[in-house]
Amino acid sequence: MDAILLQILNGFDKGSAYALIALGLTLIFGTLGVVNFAHGALFMLGAFCAVAVNKLLSLDIVTLSETQTTAWGTPLEIRTPYAEVWFGEIGSVLVDYSVPLSILVAIPVMLIIGVVMERGLIKHFYKRPHAEQILVTFGLAIVLQEIIKAWFGANPIPQPAPGSLRGMIDFGAAVGFEAGSVVYPLWRLVYFLFAFVIIGAVFAFLQFTTLGMVIRAGMADRETVGLLGIDIDKRFTLVFGIAAVVAGLAGVMYTPILSPDYHLGMDFLVLSFVVVVVGGMGSLSGAVLAGFLLGILQSFASMNEIKQVIPGIDQIIIYLVAVVVLLARPRGLLGRKGVMES
Amino acid sequence: ASYTNEPKGSTVTFGFNVPQTGAYADEGADELRAYELAVEHLNGEGDGGMMGTFSSKALKGNGVLGKKVVYVTGDTQTKSDAARASARRMIEADGAIMVTGGSSSGVAVAVQGLCQEVGVIFMAGLTHSNDTTGKDRKANGFRHFFNAYMSGAALAPVLKSNYGSDRKAYHLTADYTWGWTQEESIAAATEALGWETVNKVRTPLGAGDFSQYITPVLNSGADVLILNHYGRDMVNSLTQAVQFGLRDKQVNGKNFEIVVPLYSRLMAQGAGKNVNGIFGSTNWHWSLQDEASQAFVKSFGQKYGFPPSQAAHTCYSQAILYADACERAGTFNPCGVVEALEDFEFDGLGNGPTLYRGADHQCFKDVLVVKGKENPSSQFDLLEVVEVVPVANVTYAPDHPMFAGGDLGSCNAGV
Amino acid sequence: MAILSVRNVNKNFGGLAALADVNLKVEEGMVHAIIGPNGAGKSTLLNCFVGRLDPDTGSVDFDGTSLLGLKPHEINQAGISRVFQTPEIFGELTLVENVMISAFAKRDGAFKLNGWREVWRAQDIHGLAMETLSDLGLAGFSLNNAGQLSRGDKRRLELAMCLVQKPKLLLLDEPTAGMARADTNRTISLLKEIAGRGITMIVIEHDMHVVFSLADRISVLSQGTIIAEDLPEKIKGNPRVQEAYLGGAHL
Amino acid sequence: MIEKTSPRADRILLLAFVAAVLLGPILLAPFGAGYPDLLQKFAIFGIFAIGFNILFGLTGYLSFGHAAFLGVGSYAAVWSFKLLSMNVVPAVIFAVIVAGLFSAVIGYISLRRSGIYFSILTLAFAQMSYNLAYSVLTPITNGETGLQITLGDPRVLDSVSNDGGLPVTNLFGLAMNQTWETALLGMTLHFNAGFYFCALLLIAAFYISMRIFRSPFGMMLRAVKSNQNRMSYTGLNIRPYMLSAFMISGMYAGLAGGLLAATDPLAGAERMQWTASGEVVLMTILGGAGTLIGPVLGAGIIKYAENVFSSFNDQILAGFFDFLPDSLASALVWAASAFVGDGWQLTLGIIFMVIVTFLPGGLMEGVNRIRKWHEQRQRGNDLSSCSAKPAE
Amino acid sequence: MSPSAASATIGAKEASDPAYVSVRGIHAYYNESYIVQGVSFDIREGEIVALLGRNGAGKTSTLRTLARVDNPALRQGEIWLDQKPLHQMKAFEAAQSGIGLVPEDRRIISGLTVEENLQLAQIAPPKGWSIERVYELFPRLAERRRQDGVTMSGGEQQMLAIARALVRDVKLLLLDEPYEGLAPVIVQEIEKTLQQIKGLSMTTIIVEQNAIAALNLADRAIILDMGQIVFDGTATEVLENAELRQEYLAI
Ligand SMILES: Nc1ncnc2c1ncn2[C@@H]1O[C@H](COP(=O)(O)OP(=O)(O)OP(=O)(O)O)[C@@H](O)[C@H]1O
Ligand SMILES: Nc1ncnc2c1ncn2[C@@H]1O[C@H](COP(=O)(O)OP(=O)(O)OP(=O)(O)O)[C@@H](O)[C@H]1O
Ligand SMILES: CC(C)C[C@H](N)C(=O)O
Ligand SMILES: [Mg+2]
Ligand SMILES: [Mg+2]
């Protein structure tokens, strides 16, 4: 029982990540109709915002040691972080909290990246065939990825969660289990809550504002919306910016769970498309639902009891579920008619 | 020509086939640095590095057999197909006389097979699977790096002395060839100590988040977690295992422990503080104090400003060993080289006296057991060597069951 | 003999009864017009004949066999062709290709793995297509992409695609909507000529000039039910029709 | 004239294609691409892309799982080498048949949906195949390492006993790795048996695709892309048309996979990964989806970048800039090295973006523009005397 | 050049007041096909102009050019509306400056209900009638307010398309075949509505195949052929000129 509860928690956690990525993607893909193969790269860029902030905060003052030398004979470099030199105690707290602090940096940075990307490139591709959108965004993803690789290398770069959020909490005791039977890392619960807040905020923004309606209309027929006096381009840019921010924040907060490297985005890319499509094109709630569904099923499929019955099921469960859902429901879980069906 | 790509002019071409993209790109970059250094030394430039300490004195610093060494490079992408395509380019278009490098066993086996077919020598880079010199061994292929069996054999006594002989181990294993041989080797070695294996769970390659595999460990009754992962998988599974509090746990009245059978410094860097106090094995480490290792670190450090990784070390050694074999054989003919390398005994390349065993083309030398360092003095100083396990303890018979089923065949000189 | 007979057809959309107990018999060789106010259910009824919609209850028989449950292509192969209210054509293909596809479908059936002999070798089909196009005054554009046509021309192209199949029953949903007067007149004479060849037609039209020039019989649909069915002259005089539909329009 | 293209233009195109392919080893040598492995890859991926284009270019159905058929073809061929004979003919036939059957099954299911839903279904099947091939199916696929021939294989039809070396693939005795080399203008030309085997099949594949494009069947496929609704009301059953197209392109992929194994007897699981499926999509779009030649060009560019750009290292770059003063040369080497060697993917990414941004419709669009411009200039010259009267 | 200056140089056609709408030599292309070939005309405030011509004459293209949509592309010429240079604007800016196009294929937005379609039209300024007032004019729409706009019958969609223009405060209304596909009663209703609008003296260009109906409404008629103006005069002039009617309108 506790094993199952733990897997449910794992599922929610994975689901939060999938849902957040899919949420951003579905804004661009399910709503604007652009097949954005650079979405994974946006997630990756978000993660590297955290890396960069951490790097900046722990920038060192280098002094050369007079006594010690390196193994190859040059004087040893002694490094002390600026933050500590300047702010002392507070400095090291800043370094410790670099991941959550990065959110403040990631929001404007990702917004700018999103807007620049849309204005500079994507804008010209709304009316182009999906295939060409794939080519250009895939090209962009590779370029972004290679730039990150050139700066930060190919190796994963660890980003610890703040010390106070690093521990475990006894989740089982809270829900009436034996104390100590279901303990769960605090940061993962933080991630789950964070996802919840972001998803709620995006929903509120798009569902309860007329902007949502305008966006939907613009996607169905840009020209007519323009004829009604609405500057749809501006709104599309905004949506793109929001999507980039959502992807970026998902990336920032994920770094303590998964040490980021330049390839991180590609690993999530295919998965996020699957999530969006299983959720149903054009449906935000579908994407979120599918994210959690796939997360939970994936966790369960990895249990030894199940793997023993069906070997390898944990490796294909996502795709298997995708096939079953798409065959049973032509438009995914909550898809709208006519979106990207031809 | 009497053999494939027989060098006709004043130069001889080596093929350096390393991962330049994908998860192991950093390893690949380090391998390439080492190769470039080796070429310098072979051609008599620079300080000569380990050529000075190497027990064979056949190399004269004027290239190989009087021909200047030049090289071509390629990207394996850590994919068998791409690695073979790249190797074929070197052989067919660039006239490479040998191919070396790589950073995964799959690639090593695939490229080794190719080299056997076309008749050039393959000097493996990073490859740790038993199969490379086991069931997939080839006459034209040679491995300097150690293997999974050796990791197990070297680690077991250290684990026993630190963690006792009454332990319950839980394995998480990367679900592909290398992972399986690693799991088999370490399980056998620990079971021989009296440890019990609670469970062996396969995880998909590149799973990213391993939480769904880690939570079952929590209440499984196991008190040791063995991570048969490498590279990114290892970085992630280790980080997450620590995150799930495994290291703070008490099970069966003992401290819960984590073991990573195969370590590398680059991985340790990726896992950060999480490696503190965790045991594993490695082929070589730059903090070794023997004369050869010191010479290599000095040479490499001066050129690049940081110490070499084990990947760099093994690749450098392979290049030197190959050149030396040619020199001693007096020919680049692969069959001559094979003969010169088989059962070749040498010293002065960093792991003490070493044998290139003729029966399977595997090097036998001391293996290092290392531990994540508590208080690193620099970003490179992440592992400390706790024990240098003598070669005798890790040697096995060529027909050991974990290596059985292979056949070197005969050397192929092509054409 | 009735070639098409519709009995007790009902169709609901949510709470809306789009068709309520519709009965209709279309005699072979006749031009049968269906008129009625917007939203009366005319297109819905037509959709029930061609497999686009399945009626909730009732039956639709064509030439003695039931059409219910058949797929659109099977219904077409049975001899029913249709012109849509908003033109449906192959926009990226040339006009002549549009018509040839239709002709191939007639000759080769619903599927033929005809992947080796080039299209240009099928001179007979090509000739037929060109003939039909010139019948409709489109021959001059035969190599243009159909998507670039003006709307009136698209509709004529669609008509050509139906006619080339020489269907037993031709369903026309507002065939002259958006056509210039001259073309409307030409289309009327063309359709008359087709009717003369014995092709049965069901025509939905709001243009009374067209309806009364063509129809042998008229059914009037209003709010999902047939409120009148009779000869054209009788319909003109029917007060219910006057009120529900014509509203005193000059004919 | 029925179509905008004339039979004569097609014949010229075909002849030019044949000539270019057969002279490949000579034409490509100056670009450093004239060695057997890359020539074979051009031909093989050309076949793959041509087949993909029959599905995607004509019907607009974007399969994101075509690599699965390539992989299955490779496995089938290697198994044929292991069990039957090292002769490439049975291997290739076997590969095509197995891939055809596999695509029939996947196509039958996936074609129940269209648009993005179809793409994801094909992707899901291919990823399942890949993941299983990598792990659970190792007894059949030999996992990560890939399926290779070994000395211990049964090979029931091959009486040839081997002398300890691995046997080589052959066409009734003609070894696929047989290469004749000659020197021309300081370049070495490689005429390789394996390449010519692939090249003949490439030409056949091209010719078949040309016939399909021009046939009523091809026209029906374009109709599917244009308006499915109209199509079914015209009496045409879309499913069998789509399934045939899907299977044909699956068999092309199987042929390509079989040839990969025939020229280099190894079948790796990563051949089935989504990145491999994505690659053929990129090849087709880059060259120009729906054009006859485009996909072959696209395949060429991507394979060229992968194999040649990646091989440039500082040593080679320094050679290029030799003639410049030292400081300038080393600055250029530094700048250029970001785009080649381990930066080759950066170059590829930039190529993708530039081509698709400036040449919607892919490379063939560029070719067409050049041709149009040329024609206009010529017409301008011809008609300069009499007043031009544009035809209506 | 200011509009007054423009018309001043053209001559003394509209002697005293500057034209409210002034179209000066517009040329528009679909890619390379040259469709609108130098069309110029002026319209006074409150005037209703019927734009007539055969299928493919370029009527729709002219209206679309005035509304500044991307296709066809305006390559040359000027369009002034109430002193504002529409030729320098994008479609949405032109719409905000008072252009309202009711397109021939209605362009109801799928996925949005009837009411949402109307709300959408009210988002950008300038705001016109209230939605309630529109519902009074078209009770049919009120009934269907929650229905997905595109599932409505053809006639209902046409009403919605006109309604969408009415909820905006349109200075120049462009109607592309507003009667097409409508039952005679509805045509009469819409004619009535348009007469009302005429009473509000809203400037209007109406394209209609039913030339008689259009001319009943219009003050003036322009006839297009092959993308050029072949006639510009009063409605009565057209009705009286049999030759003109025969040649271009077939009535
Ligand atoms: N899919 C649907 N969902 C809900 N209501 C529908 C649907 N299709 C049609 N209706 C409604 O059914 C009624 C009949 O529509 P239909 O299209 O058959 O009318 P019609 O007689 O052809 O009208 P018109 O002459 O204007 O084309 C209309 O009120 C329409 O709104
Ligand atoms: N998208 C397009 N691309 C290319 N040509 C087009 C396009 N749309 C229309 N045309 C061409 O432009 C010309 C004028 O078309 P337009 O639609 O303006 O005519 P119209 O007068 O409105 O005709 P109708 O009465 O049939 O609606 C026609 O010859 C048509 O073929
Ligand atoms: C890089 C190696 C040391 C480990 C690698 N995974 C292998 O297969 O051998
Ligand atoms: Mg209708
Ligand atoms: Mg028009």
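In what follows, every heavy atom counts, from backbone to side chain, and hydrogens, waters and symmetry copies are set aside. Quick caveat, the model's predicted, so the values are computed rather than measured. Proteins come first, then strands; the chains are lettered A, B, ... in the order of their sequence lines, and each starts at number 1.
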Do E:Arg164 and A:Thr224 touch side chain to side chain, with heavy atoms closer than 4.5 Å? yes

Between CD of E:Gln96 and CD1 of A:Ile230, what distance do you get to the nearest 0.5 Å? 9.0 Å

Give a yes or no on whether E:Lys90 atom NZ has more than 12 heavy-atom contacts from other residues, nucleotides or ligands under 6.0 Å away. no

Which one of E:Pro103, E:Gly100, E:Ala94, E:Ala124 has the most heavy-atom pairs closer than 4.5 Å to chain A? E:Ala124

Should we say atom OH of A:Tyr191 is surrounded by more than 12 heavy atoms from elsewhere, each under 6.0 Å from it? yes

If the contact rule is any heavy atom under 4.5 Å from chain E, which residues of residues 244-252 of chain A qualify, in numerical order? none

Answer yes when A:Lys127 and E:Asp70 have at least one side-chain N-carboxylate O distance shorter than 4.0 Å, and no when they do not. yes

Partner chain A: residue of E:Glu116, E:Arg68, E:Glu93, E:Gln122 with the largest heavy-atom pair count (under 4.5 Å): E:Glu116

If I measure from the heavy atoms of chain A, does E:Leu120 come under 4.5 Å with its side chain, its backbone, both, or neither? both

Counting heavy-atom pairs under 4.5 angstrom with chain A, the leader among E:Ala165, E:Ala121, E:Ala91 is E:Ala121

Keeping the roles fixed (side chain from E:Arg168, backbone from A:Leu228), state whether a donor-acceptor pair exists under 3.5 Å. yes

Do other residues, nucleotides or ligands put more than 12 heavy atoms under 6.0 Å from A:Phe196 CZ? no

Heavy atoms only, distances under 4.5 angstrom: which of E:Leu101, E:Asn117, E:Val69 has the most pairs with chain A? Name it, please. E:Val69

If you compare all heavy atoms of A:Ala217 against all heavy atoms of E:Ile109, which two are closest, and at what distance to 0.1 Å? CA-CG2, 3.7 Å

For A:Phe273, enumerate each residue passing the ring-ring contact (aromatic ring centres under 6.0 Å, His included) test, keeping only those at least two apart in sequence or located in another chain. A:Phe29, A:Phe37

Could you measure the distance from the CD atom of E:Gln119 to the CE atom of A:Met213? Nearest 0.5 Å is fine. 5.0 Å

Could you look at A:Lys234 and say if it's the side chain, the backbone, both or neither that has a heavy atom under 4.5 Å from chain E? neither

Answer with side chain, backbone, both or neither: which region of E:Arg106 has an atom nearer than 4.5 Å to a non-hydrogen atom of chain A? neither

